[in-house]
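All values below were derived from every heavy atom in this structure, side-chain atoms included, with hydrogens, water molecules and symmetry-related copies excluded. Keep in mind that this is a model prediction, so the values were computed, not measured.
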Amino acid sequence: MNIVPPAAAPLPPELIARFRAIVGEKYAVTEASDIAPYVTEERGLFHGRSPLVLRPGSTAEVSAICKLATEHRIALVPQGGNTGLVGGQTPHHGEVVVSTRRLDKIRDIDTASNTMTCEAGVVLQIAQQKASEADRLFPLSLGAEGSCTIGGNLSTNAGGTAALAYGVAREMALGLEVVLADGRILNGLSKLKKDNTGYDLRNLFIGAEGTLGIITAATLKLFPKPRAVETAFVGLKSPADALKLLSIAQNEAAGSLTSFELLADIAVDFSVRHGIDIRDPLGSKHRWYVLMELSSSRDDARAALESILAQGMEQGIVDDAVIAANLSQRSAFWKLRDEMSAAQKPEGGSIKHDISVPVAAVPDFIEQANAAVVKLIPGARPVPFGHLGDGNIHYNVSQPLGANAADFLGQWHAVNTVVFDIVLRMGGSISAEHGIGVLKRDELPDVKDKVAIELMRAIKAVLDPLGIMNPGKVL
């Protein structure tokens with residue numbers, strides 16, 4: 001069954017007053033100028049509207065909001081740092097926004113069990129810092145880590161640059177606290193690594209993009225802090241060579257290989273051209289680059305990295321490479337990588353894809369996608385980069401030089417079609433780590449198993465029978 005989102009009718013003043021009473025006058029936002037940052041995402045691709053933004057400071061307040069919303073059939077859009085890229089956090093139809101940013105407490109750090117329990121509004125970078133202060137590592141790392149939140153990371157099942165070694169957000173959460181649509185609180189903040197007491201309800205909410213409930217806290221896995229981190233920037237001829245280098249690195253470093261990023265020359269050029277204080281670390285241009293990092297609890301990472309690069313050069317795979325000499329140089333390597341999305345903006349319209357294919361298929365995917373996109377739009381500039389180690393490529397396409405941005409972006413669906421067709425032929429996914437939101441919602445039924453779609457709709461109907469939780473997203 002399809003759940004029809006409730007109409008976002010104007011909120012009566014008395015209902016606004018009741019919502020305001022839950023969070024307090026200061027934390028109920030009604031002025032259009034103050035609401036504006038909550039209804040537009042950073043790329044400007046989605047623009048929403050909302051009569052009210054609520055900023056609860058506790059799980060109890062979130063529960064009261066949901067109870068009142070259920071009572072009056074008021075649609076809610078949960079929102080963390082508002083850094084999502086598929087429109088999942090945007091109130092497209094005038095829904096009430098529930099911002100979790102004030103839920104920002106670290107409730108517990110347990111170094112014996114290697115866990116950290118934190119609220120949904122904790123900024124990812126803060127979580128990383130608090131873990132580090134306890135001599136532990138929380139390895140989730142994203143370009144938006146200075147503003148994205150733990151709740152948003154879990155709701156979208158974020159991936160990031162360390163997924164190769166540590167997995168995605170789903171694999172870093174042991175337990176959740178979730179407020180359901182009717183206001184009930186699911187208390188599942190477990191530190192247990194072994195718990196076979198029935199269905200794993202936690203996994204229903206991770207990756208659900210707030211359509212089943214609002215994550216208010218999570219117990220996260222921590223890891224030993226690496227004692228040695230070594231980073232290399234490598235120039236090579238092709239994705240196929242990068243794949244060979246990945247094999248060497250995995251054989252040589254095993255679990256110490258924590259990042260392996262594949263970067264097209266055009267992506268590097270954009271970062272150098274439009275970034276601030278960014279330069280190509282190598283002395284000459286290369287068609288492709290790899291940003292590789294090893295992390296070890298012993299002092300053997302440097303030797304392992306040198307051995308990997310030496311083997312790559314002996315086999316004619318690596319054309320040039322430089323190892324970061326210090327923390328400043330390592331940060332410069334990563335800044336070049338992290339600025340790649342932003343650096344595409346000055347180049348005009350960009351049609352973006354967040355796909356994954358089997359790792360071995362990445363070179364063929366890039367070759368076929370490049371040919372198909374340029375055939376569809378002559379002069380289009382593919383800008384592929386991403387996490388080769390786990391098969392996740394951000395396959396972005398910049399407009400032809402001198403083209404009209406609006407006309408180019410008008411072909412978004414057509415470009416999606418040719419790219420997604422190749423992805424599906426290769427057994428891949430149209431959404432590797434950014435989610436579905438509204439951007440890919442209409443494509444989902446065409447690419448997802450029909451029984452899986454039926455089960456997803458059935459779960460939605462049980463947990464959110466009125467369809468008030470982030471309506472119109474995912475399904």
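Listed for the Gln79 side chain is a donor-acceptor partner under 3.5 Å among the backbone atoms of Tyr38. Put simply, the side chain of Ser271 gets close to the backbone of Leu336: a donor and an acceptor are under 3.5 Å apart. Panel note: side chain Glu119, backbone Lys105; a donor-acceptor pair is recorded below 3.5 Å. Proximity of a side-chain donor or acceptor of Ser295 to a complementary backbone N or O of Val229 within less than 3.5 Å is not detected. Put simply, the side chain of Asn392 gets close to the backbone of Ile355: a donor and an acceptor are under 3.5 Å apart. A donor-acceptor contact shorter than 3.5 Å is absent between the side chain of Arg101 and the backbone of Arg55.
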Would you be so kind as to tabulate the donor-acceptor pairs closer than 3.5 Å made by side chains of residues 467-475, with sequence neighbours excluded?
| residue | atom | partner | partner atom | Å |
| --- | --- | --- | --- | --- |
| Asn470 | OD1 | Lys473 | NZ | 2.6 |
| Asn470 | ND2 | Gly88 | O | 2.9 |
| Asn470 | ND2 | Glu209 | O | 2.8 |
| Lys473 | NZ | Gly88 | O | 3.2 |
| Lys473 | NZ | Thr90 | O | 2.9 |

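Under the 6.0 Å distance and 45° angle rule, Arg102 counts as a cation-pi partner of Tyr27.
The CE atom of Met456 lies 5.5 Å from the CG atom of Leu444; values are rounded to the nearest 0.5 Å. Distance CG/Leu85 to CG/Leu439: 9.0 Å, rounded to 0.5 Å. Residue Leu52 holds its CG atom at 12.0 Å from CD of Glu31, rounded to the nearest 0.5 Å. In this structure, the separation between SG on Cys148 and CD on Gln125 is 9.0 Å, given to the nearest 0.5 Å. Of the inter-residue distances, the one linking Thr115 atom OG1 with Asp108 atom CG reads 6.0 Å to the nearest 0.5 angstrom.
With sequence neighbours excluded, no residue forms a side chain to side chain donor-acceptor pair (under 3.5 Å) with Thr111. Residues meeting the side chain to side chain donor-acceptor pair (under 3.5 Å) test with Gln89, sequence neighbours left out: Asn82. Residues that satisfy the side chain to side chain donor-acceptor pair (under 3.5 Å) test with Glu293, not counting sequence neighbours, are Thr231, Arg330, Trp334. Not counting sequence neighbours, the partners of His72 by the side chain to side chain contact (heavy atoms under 4.5 Å, CB included) test are Leu15, Arg18, Leu68, Ile74. Considering only residues two or more places apart in sequence or on other chains, Arg202 meets the salt bridge (Lys or Arg N to Asp or Glu O under 4.0 Å) condition with Asp200.
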>> Run the salt bridge (charged side-chain N to carboxylate O under 4.0 Å, His left out) test on Lys191 and Asp110 for me, step by step, so that the C-alpha distance in whole Å, both residues' side-chain angles and the decisive distance to 0.1 Å come before the verdict.
In response: CA-CA 9 Å; Lys191 296 181 181 180; Asp110 183 346; 3.1 Å; yes

> Yes or no on salt bridge (charged side-chain N to carboxylate O under 4.0 Å, His left out) for Asp135 and Arg227, after CA distance, side-chain angles and deciding distance?
Replying inline: CA-CA 10 Å; Asp135 197 34; Arg227 301 305 174 198; 3.1 Å; yes

> Taking it one step at a time, do Arg381 and Glu347 satisfy salt bridge (charged side-chain N to carboxylate O under 4.0 Å, His left out)?
Replying inline: CA-CA 10 Å; Arg381 297 173 291 167; Glu347 295 290 330; 2.8 Å; yes

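Annotation: side chain of Met116 is in contact with side chain of Ile106 (closest heavy-atom distance under 4.5 Å). Side-chain contact check for Asp421 versus Val419: every heavy-atom pair is 4.5 Å or farther apart. Side-chain contact check for Leu124 versus Thr149: every heavy-atom pair is 4.5 Å or farther apart. Contact annotation: the side chain of Lys130 approaches that of Ile109 to within less than 4.5 Å [non-hydrogen atoms, C-beta and beyond]. The shortest side-chain heavy-atom distance between Leu76 and Glu95 does not fall under the 4.5 Å cut-off.
With salt bridges taken as basic N to acidic carboxylate O contacts below 4.0 Å, none links Glu14 and Arg20.
The aromatic rings of Phe385 and His394 sit tilted, their planes meeting at an angle between 30° and 60°. Ring geometry for Phe420 versus His353: interplanar angle over 60°, hence perpendicular rather than tilted (30 to 60°).
More than 12 heavy atoms of other residues, nucleotides or ligands lie within 6.0 Å of CZ in Arg107, so this atom counts as buried by the packing criterion. Annotation: Lys335, atom NZ; neighbour count of heavy atoms from other residues, nucleotides and ligands within 6.0 Å is above 12.
Summarising the geometry of Leu140 relative to Gly159, their closest heavy-atom pair is CD1-O, 3.1 Å, with the distance given to 0.1 Å. Contact between Leu176 and Val178 at its shortest, heavy atoms only, is CB-CG2, 3.9 Å. For the residue pair Ser63 and Val179, the shortest heavy atom distance occurs at CA-CG1, 3.7 Å.
Side-chain contact of Glu339 with His274: a donor-acceptor pair under 3.5 Å is absent, judged by distance alone. Side-chain N/O atoms of Thr117 and Thr219 include a donor and acceptor closer than 3.5 Å. Looking only at atom types and distance, the side chain of Ser431 has no donor-acceptor partner in the side chain of Ser429 under 3.5 Å away. Residues Ser350 and Gln399 bring no donor and acceptor atom of their side chains to less than 3.5 Å of each other. At a cut-off of 3.5 Å, with distance as the only test, no side-chain donor of Gln128 or Ser132 sits close to an acceptor on the other residue.
Aromatic rings of His387 and Phe260 (six-membered ring for Trp) have centroids beyond the 6.0 Å cut-off, not under it.
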